[in-house]
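Take a look at the structure set out below.
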There are 2 protein chains.
Amino acid sequence: MATGRTHRPATRSRGIPEATVARLPLYLRALTALSERSVPTVSSEELAAAAGVNSAKLRKDFSYLGSYGTRGVGYDVEYLVYQISRELGLTQDWPVVIVGIGNLGAALANYGGFASRGFRVAALIDADPAMAGKPVAGIPVQHSDDLEKIIEDNGVSIGVIATPAGAAQPVCDRLVAAGVTSILNFAPTVLSVPDGVDVRKVDLSIELQILAFHEQRKAGEEAAAGSDGAGPAAARGVSGPASSSTSADQGPDGDVPAVMPA
Amino acid sequence: MATGRTHRPATRSRGIPEATVARLPLYLRALTALSERSVPTVSSEELAAAAGVNSAKLRKDFSYLGSYGTRGVGYDVEYLVYQISRELGLTQDWPVVIVGIGNLGAALANYGGFASRGFRVAALIDADPAMAGKPVAGIPVQHSDDLEKIIEDNGVSIGVIATPAGAAQPVCDRLVAAGVTSILNFAPTVLSVPDGVDVRKVDLSIELQILAFHEQRKAGEEAAAGSDGAGPAAARGVSGPASSSTSADQGPDGDVPAVMPA
DNA sequence: CCATCTTTGTGCACGCGTTCACAAAGACAT
DNA sequence: ATGTCTTTGTGAACGCGTGCACAAAGATGG
């Protein structure tokens, strides 16, 4: 029982590096766009630009899948779309349940990106009895009492958790016990799962904090160096780390202690 | 003008490795929980377990910030909370705009995680004139015509893009031109930004595809090895890559070509 | 059939991130 | 004051990911 291992530590899955797997959807998206414009072939250079990566990296990524290109020409768009789709497992149907139909859960249910590419929202589950039966995105919400039955009846192996933080771990445990082996977690908590279960997390708060770090660093450098005058951002009121100014201790979430320590 | 560089290639920001920065919010969250329970000190082992990481990694991460621990005892919770908050720039106020108030944008506006830890939703912006003035999460939506003025008046340097894919790049360009230097992108597109602008992307579709890849691999291994009988998941109907079965060619989004190539 | 040109596929080197293992440091009891 | 015990902080080794640079491969034109 490993605690909170987020996603495969270093286990190269069948020869394809994890970093490559993470980029395949990007390539697939770019290729799909080309396919819709009926572009027959594409060079690694062009495709790399569309996907926002280095062309050498892209070629190396594709080399893990096999030699699907033609030297002097490039890659056959349709063929590559098929190969990547197959490699990612998108040629089969993946029923998905979303647990926690609040603002975020409802948004996810309505999100078109789910429906495309083999993913199908099989059920929406919420703990609130008042929600039961209400249709969200055309799908009636079911009560969490029936979670296990829903998972088993639909053969669901991928679960999306969009509950409040406190409910996430219990929901996760029930999903796993019912047979779910892949979880996409939107709740701001570290999930603990048994071996063999994959967890990927999407955490808005963390992403913002990372951006804030770089933003602060940029502001600091800008103040240290001479006034570069790069656009209207230079006149921003970010002067230093000590500008707690107006709203310092407002904490609507019970966070933000920010107290001076001993 | 670098195309589509997602987040700092390898530029170590002021000595703190990028990987460490990405984990600091995790530590901060765990520490905040401890702080609320009035736990005075915590060891690297305990905190690492709470954050779901290796204890050696945690100690090394903290060593980049300085020597804030006491040997034989552990770390002072309050002190660490303060230090990490300061390092991440959370002791100052970060006004944020959300552009694109659809299902997702509205969910983000309502998300409590934004309000906490120094982030403040300064404005909601949408291109639909019918939305203008409507309050979402208590904040009136403003029309995108006023985007530049809103950015400048509020001193916004962090923008969140929750528009459809097609609108993302133009919106991004306008945000950057108006002075935004950090962008959190929820639209399924690769954004092209000038140097000095940070982009982080959150892409549900990509996360799901990565999970599907591992799910497929697990199913394949399970089929190859003898029946392990590990729980009810073993009896799942995922037999092989060729089980396109019932709903093979339903494509509600204009995707999923899945055609056999030449 | 041959020369040329384009583009792939990859060997190689380098740097970052992770993990181990241990010495140094401080708390605590006697 | 001294010894013991806990826990930090870090040197070192290793593995993964990235990018360069080039040889091999095939298309194309004469």
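In what follows, every chain begins at residue 1, and chains take the letters A, B, ... in the order their sequences are listed. Everything numeric here is computed off the predicted structure, so don't read it as measured data.
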Subject >> Inter-residue atom distance A:Y75.OH - A:T41.OG1, 0.5 Å rounding >> reply: 12.0 Å
**OP:** Check if the side chain of B:K60 and the base of C:dT18 share a donor-acceptor pair of N or O atoms closer than 3.5 Å.
**Re:** no
Original post:
How would you label the contact of A:T20 with the nucleic acid (heavy atoms, under 4.0 Å): base, sugar-phosphate, or nothing?
Top reply: nothing
Original post:
When all nucleic acid strands are considered with a 4.0 Å heavy-atom cut-off, which category describes B:Y75: base, sugar-phosphate, or nothing?
Top reply: sugar-phosphate
Original post:
A:E46 has an atom CD; how far is it from atom P of C:dT6, in whole Å?
Top reply: 14 Å
**OP:** Please examine the side chains of A:L24 and A:L65, heavy atoms only from C-beta on, and report whether any two atoms are closer than 4.5 Å.
**Re:** yes
**OP:** Let me know the distance between CD of B:E18 and P of C:dG15, rounded to the nearest Å.
**Re:** 19 Å
Subject >> Any A:S44 side-chain nitrogen or oxygen under 4.0 Å from OP1 or OP2 of C:dT8 >> reply: yes
**OP:** Take the protein atom CG of B:L58 and the nucleotide atom C1' of C:dT18, then report the distance between them rounded to whole Å.
**Re:** 13 Å
Original post:
How close do A:Y111 and B:P188 get, heavy atom to heavy atom, and via which atoms?
Top reply: OH-CG, 3.8 Å
Subject >> Nucleotide of D:dG17, C:dG17, C:dG9 approaching A:S67 most closely (side-chain heavy atoms) >> reply: C:dG9
**OP:** Rounded to the nearest angstrom, tell me the gap between atom CG in B:N54 and atom C1' in D:dT8.
**Re:** 14 Å
Original post:
Atom CD1 of B:I16 to atom P of C:dG17: distance rounded to whole Å?
Top reply: 12 Å
Subject >> Minimum-distance pair of heavy atoms, taken over all atoms of B:A162 and B:F186 >> reply: CA-CB, 4.3 Å
**OP:** Take A:A56 and B:G74, find for each the nucleotide of DNA chain D with the closest heavy atom, and name the residue whose nucleotide sits nearer the 5' end.
**Re:** B:G74
Subject >> Nearest non-hydrogen partners of B:P17 and B:G15, listed with the distance >> reply: CD-O, 3.4 Å
Original post:
Can you give one letter per nucleotide of nucleotides 24-30 of chain D, going 5' to 3': B for a protein heavy atom under 4.0 Å from the base, S for sugar-phosphate only, - for none?
Top reply: BB-S---
**OP:** Let me know the distance between CZ of B:R59 and P of C:dT18, rounded to the nearest Å.
**Re:** 15 Å
Subject >> Matching residue for B:Y68 among B:Y27, B:F62, B:Y79 - test: ring pair (Phe, Tyr, Trp, His ring centres under 6.0 Å) >> reply: B:Y79
Original post:
For the residue pair B:Q216 and A:E87, what are the closest heavy atoms and their distance?
Top reply: OE1-O, 3.0 Å
**OP:** Could you check how far CZ of A:F62 sits from C1' of C:dT7, rounded to whole Å?
**Re:** 14 Å
Subject >> Separation of C:dC5 C1' from A:E45 CD (nearest whole Å) >> reply: 16 Å
